[in-house]
Amino acid sequence: NAGVMQNPRHLVRRRGQEARLRCSPMKGHSHVYWYRQLPEEGLKFMVYLQKENIIDESGMPKERFSAEFPKEGPSILRIQQVVRGDSAAYFCASSPATGGGNEQFFGPGTRLTVL
Amino acid sequence: GDSVTQMEGPVTLSEEAFLTINCTYTATGYPSLFWYVQYPGEGLQLLLKATKADDKGSNKGFEATYRKETTSFHLEKGSVQVSDSAVYFCALSDPPQTGANNLFFGTGTRLTVIP
């Protein structure tokens, strides 16, 4: 049973370009979470999605960031017009059910570098 | 709001030394508590968890006890190995009845074990 998959593992973009990060949850998991980890910091929650629905986006920046989890295919975190401050590791996690206490399984992360 | 405060690192220990990494939290009700470990270049892996007061989570020689009275979840290991070198994150999630799903992370503690 494959774990959470993220691609690409490393992504380099110039300022003003778009970044697309993909996440395939574990088989049987319908809940996806995105977190951002700035250098030397802990992870910060960004958004929680179920298939075709954004459930909680309280951690998402109001501009340039968007996320989706379509009926078919991976979840996508999209960052438009990237800036240097977007450089970070972006982690996706999935869980089989909702609610506190349920383990979230993390992917290896995508490390975004903005030049 | 919910938050997690972790002992600042980095921590450097000799092999077979005793490890304690302090973690305290602020939350309403009875959150679930977790320790995650991140090895270099990898995503987070769940190390152990506890979902109610006085529960003890344990795995791979690591232990942590959910202390409601001191709002703490300190991580301990009696004898560390070089392979334990990693970054350790304390985290919490709100109780299931709140409907919340995201994890709140501490800033992480980097542990280096030297032979």
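Since the structure is predicted, the reported quantities are computational estimates derived from the model, not experimental observations. Proteins get letters first, then strands, A, B, ... in listed order; numbering begins at 1 in each.
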- [ ] Could you look at A/Y35 and say if it's the side chain, the backbone, both or neither that has a heavy atom under 4.5 Å from chain B?
- [x]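 The side chain, not the backbone.
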Tell me, yes or no, whether the heavy-atom count around [X] atom [atom1], taken from other residues, nucleotides or ligands under 6.0 Å, exceeds 12.
X	atom1	result
A/Q81	CD	no
B/K52	NZ	no
B/E69	CD	yes
B/R110	CZ	no
B/E16	CD	no

Task: Most chain B-contacting option - heavy-atom pairs closer than 4.5 Å, from A/Q6, A/M46, A/R9, A/Q37 - done: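 Most heavy-atom pairs under 4.5 Å with chain B: A/Q37.
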Open item on the list: Using heavy-atom distances under 4.5 Å, tell me whether B/Q38 contacts chain A through its side chain, its backbone, both, or neither.
Closed with: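 Just its side chain gets close to chain A.
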TODO: Please round to the nearest 0.5 Å and tell me the distance separating atom CG of A/L43 and atom CG of B/L103.
DONE: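 Rounded to the nearest 0.5 Å, the CG-CG separation comes out at 9.0 Å.
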Task: Euclidean distance, B/L44 CG relative to A/F91 CZ, rounded to 0.5 Å - done: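 If we round to the nearest 0.5 Å, A/F91:CZ and B/L44:CG are 6.0 Å apart.
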- [ ] Determine, using ring centers only, whether A/F106 and B/Y36 are less than 6.0 Å apart.
- [x] yes
Task: Transitive ILVMFWY side-chain link A/V82 to A/L11, under 4.5 Å - done: yes
Open item on the list: I need the minimum non-hydrogen distance between A/E103 and B/L46, along with the two atoms involved.
Closed with: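 Result for this residue pair: CD-CD2, 3.1 Å.
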